[in-house]
Amino acid sequence: QKNYSSIFDEFEKDFPLTDCVWLQSQVKKIEFIHRNDLHDTQVKLYVYFDNNEIENKEMIFDHVIITSSIGFLKENLKNDFFSFDFPKEKRQIINAIGFGTINKIFLEFDQPFWNDQVKGFQIVWQNIQDDHSFPDIDNQSIVCQSETEKFPKWVYCIQGFDIVRNQPKMLMAWIGSYGARQMEHYSDEEISKILTKILQKIVPKHCLIRTIDKPRNIYCSRWFSNPFFRGSYSNRTIKYQKINNNDDDGGGYNIDILVKPIYDNNNDEKKPLLLFAGEATDRKYYSTTHGAMKSGEREALRLICFYNQK
């Protein structure tokens with residue numbers, strides 16, 4: 001009942017979000033504009049609006065803080081989104097950081113079929129052949145050796161079904177790994193039917209107070225398919241740790257490279273043009289919402305310090 005929108009509700013008490021936030025718009029390209037006569041550089045954004053009634057804009061700023069996910073950055077390092085010489089060392093760090101996909105599937109029932117003692121249903125799959133243990137497998141369905149019914153491969157990446165606080169008629173399924181990406185190709189209706197069959201198979205009879213029917217509603221996240229995310233959150237890979245021999249300090253120096261702003265080299269002020277925030281840039285709390293929020297505060301403070309020192 002209280003989701004992430006409550007955070008913005010608090011922000012809006014002190015900050016006029018409706019006047020300063022554009023929805024249904026996207027930045028298509030970032031470039032630097034050098035003004036040699038003033039020995040200054042500015043950041044130019046090409047902003048496109050989904051609403052055809054609003055004209056696309058080219059906007060110029062002194063500073064831009066980019067909070068995009070690592071998945072988005074990885075994807076857009078391949079094209080001309082950054083229309084300037086993007087730092088090679090920073091590019092290397094972005095490509096080395098892991099960025100996986102975790103999806104949630106919420107199932108809302110007319111009435112709970114589980115009793116008051118149930119905290120959830122966790123699954124340990126047995127006798128499963130999948131892409132990890134058998135990488136050459138090419139069929140779209142796999143089967144437990146003890147079962148006769150086949151399910152799509154992504155089903156076996158479901159870790160379990162949890163009850164949802166303040167939502168007594170709802171269960172939430174967690175799905176990760178390759179299965180999270182494969183699941184996104186299925187419709188909500190298909191997923192609903194498949195998970196109903198899974199629940200009917202795994203839930204012990206002593207947990208039931210009624211039969212398990214198809215859920216009334218289903219809500220699925222699809223983070224990998226979303227072009228503005230391309231996954232869920234970051235992780236530190238072995239490849240990342242080996243860059244600059246960072247095994248000892250947990251990759252701290254690499255994070256410094258990732259976080260380091262791109263500065264204006266046309267003057268002596270060391271003006272930060274493009275600043276980087278987001279959960280992956282937090283040294284300690286990466287992959288968390290509070291890490292993302294802390295990173296935004298860090299970069300805002302960087303700009304405040306820059307102007308205080310002028």
Side-chain angles (χ1 to χ4, degrees), residues 7-8 11-95 97 226-230 255-282 292-310:
I7 298 176
F8 292 99
F11 284 159
E12 197 166 14
K13 292 178 182 179
D14 300 313
F15 190 79
L17 293 180
T18 54
D19 297 330
C20 301
V21 175
W22 286 345
L23 301 177
Q24 295 182 315
S25 59
Q26 57 179 304
V27 176
K28 286 285 193 177
K29 186 164 65 172
I30 301 175
E31 66 180 32
F32 294 153
I33 304 298
H34 303 289
R35 300 188 300 176
N36 294 327
D37 54 332
L38 299 176
H39 302 287
D40 184 46
T41 303
Q42 292 182 303
V43 186
K44 186 175 184 179
L45 303 183
Y46 293 80
V47 183
Y48 287 65
F49 294 87
D50 295 340
N51 185 346
N52 294 329
E53 296 179 1
I54 303 178
E55 187 176 350
N56 297 331
K57 298 179 181 293
E58 296 178 9
M59 308 184 69
I60 295 178
F61 299 91
D62 291 318
H63 318 276
V64 168
I65 301 176
I66 182 167
T67 63
S68 302
S69 71
I70 286 293
F72 177 88
L73 294 178
K74 287 174 179 285
E75 187 86 4
N76 286 279
L77 284 176
K78 304 173 185 177
N79 53 40
D80 64 346
F81 180 82
F82 297 104
S83 296
F84 54 86
D85 189 14
F86 195 86
K88 182 179 178 180
E89 202 172 21
K90 190 184 293 289
R91 180 188 295 267
Q92 183 184 27
I93 300 299
I94 291 171
N95 286 329
I97 289 180
N226 191 316
F228 302 112
F229 292 95
R230 305 299 289 164
I255 286 298
D256 290 341
I257 296 173
L258 177 61
V259 170
K260 181 181 178 182
I262 298 176
Y263 292 101
D264 180 5
N265 295 321
N266 276 357
N267 57 47
D268 299 328
E269 288 186 336
K270 205 174 182 182
K271 169 185 167 184
L273 294 171
L274 193 61
L275 301 90
F276 294 84
E279 54 85 11
T281 69
D282 190 86
M293 293 178 67
K294 283 176 76 265
S295 73
E297 293 173 352
R298 179 195 67 222
E299 296 310 307
L301 183 61
R302 190 193 302 273
L303 287 178
I304 291 172
C305 292
F306 169 75
Y307 282 100
N308 286 342
Q309 295 170 3
K310 288 186 70 173

Original post:
So does E58 have more than 12 non-hydrogen atoms from other groups sitting under 6.0 Å from CD?
Top reply: yes
Subject >> For the student: nearest non-hydrogen atoms of I255 and A280, plus distance >> reply: CD1-O, 3.5 Å
**OP:** Give a yes or no answer on whether the side chain of K260 reaches the backbone of K90 with a donor-acceptor pair at less than 3.5 Å.
**Re:** no
**OP:** Check whether any side-chain heavy atom of I66 sits under 4.5 Å from a side-chain heavy atom of F276, and report yes or no.
**Re:** yes
Original post:
CG/D282 to CG/L258 distance, rounded to the nearest 0.5 angstrom?
Top reply: 11.0 Å
Subject >> Reported CE-to-CG distance for the pair M59 and L45, which is rounded to 0.5 angstrom >> reply: 7.5 Å
**OP:** Search all heavy atoms of S83 against all heavy atoms of K29 and return the closest pair with its distance.
**Re:** OG-CD, 2.7 Å
Original post:
Side-chain contact, heavy-atom cut-off 4.5 Å: V64 with V27?
Top reply: no
Subject >> Whether H63 and F306 hold their rings parallel, tilted or perpendicular, with breakpoints at 30° and 60° >> reply: perpendicular
Original post:
Which distance, rounded to the nearest 0.5 Å, do you find between the CD of E89 and the CD1 of I257?
Top reply: 3.5 Å
Subject >> N308, CG: over 12 other non-hydrogen atoms inside 6.0 angstrom >> reply: yes
**OP:** Answer whether the closest heavy-atom distance between the side chains of E299 and T281 falls below 4.5 Å.
**Re:** no
**OP:** Quick one: sort the H34 and F32 rings into parallel, tilted or perpendicular, breaks at 30° and 60°.
**Re:** perpendicular
**OP:** Compare all side-chain heavy atoms of Q26 with those of K28 and state whether any distance is below 4.5 angstrom.
**Re:** yes
**OP:** To the nearest 0.5 angstrom, please state how far the CG atom of N95 sits from the CG atom of L77.
**Re:** 6.0 Å
**OP:** Assess whether side-chain hydrogen bond (donor to acceptor under 3.5 Å, both in side chains) is satisfied between E269 and Y263, documenting all intermediate values.
**Re:** CA-CA 9 Å; E269 288 186 336; Y263 292 101; over 6 Å; no
**OP:** Measure across D62 and L273 and return the closest heavy-atom pair with its distance rounded to 0.1 Å.
**Re:** O-CD2, 3.8 Å
Original post:
Can a salt bridge be assigned to the pair E297 and K294 using a cut-off of 4.0 Å between side-chain N and carboxylate O?
Top reply: no
Original post:
What distance separates I30 CD1 from D80 CG, expressed to the nearest 0.5 Å?
Top reply: 11.0 Å
Original post:
Counting N and O atoms only, with roles assigned by atom type, does the side chain of S295 sit under 3.5 Å from a partner on the main chain of G278, one being a donor and the other an acceptor?
Top reply: yes
Original post:
What distance separates F84 CZ from L274 CG, expressed to the nearest 0.5 Å?
Top reply: 5.0 Å
Original post:
Considering all heavy atoms of both residues, which atom of I65 and which atom of A300 are nearest to each other, and what is their separation?
Top reply: CD1-N, 4.2 Å
**OP:** Mark yes or no for whether D264, through its side chain, and K271, through its backbone, hold a donor-acceptor pair below 3.5 Å.
**Re:** no
Original post:
When F81 is tested against each of F72, F86, F228 for ring pair (Phe, Tyr, Trp, His ring centres under 6.0 Å), which residue passes?
Top reply: F72
Original post:
Looking at P87 and I262, what are the two nearest heavy atoms and their distance?
Top reply: CD-CD1, 3.7 Å
Subject >> Verdict with supporting geometry, K57 and W22, side chain to side chain contact (heavy atoms under 4.5 Å, CB included) >> reply: CA-CA 12 Å; K57 298 179 181 293; W22 286 345; 3.6 Å; yes
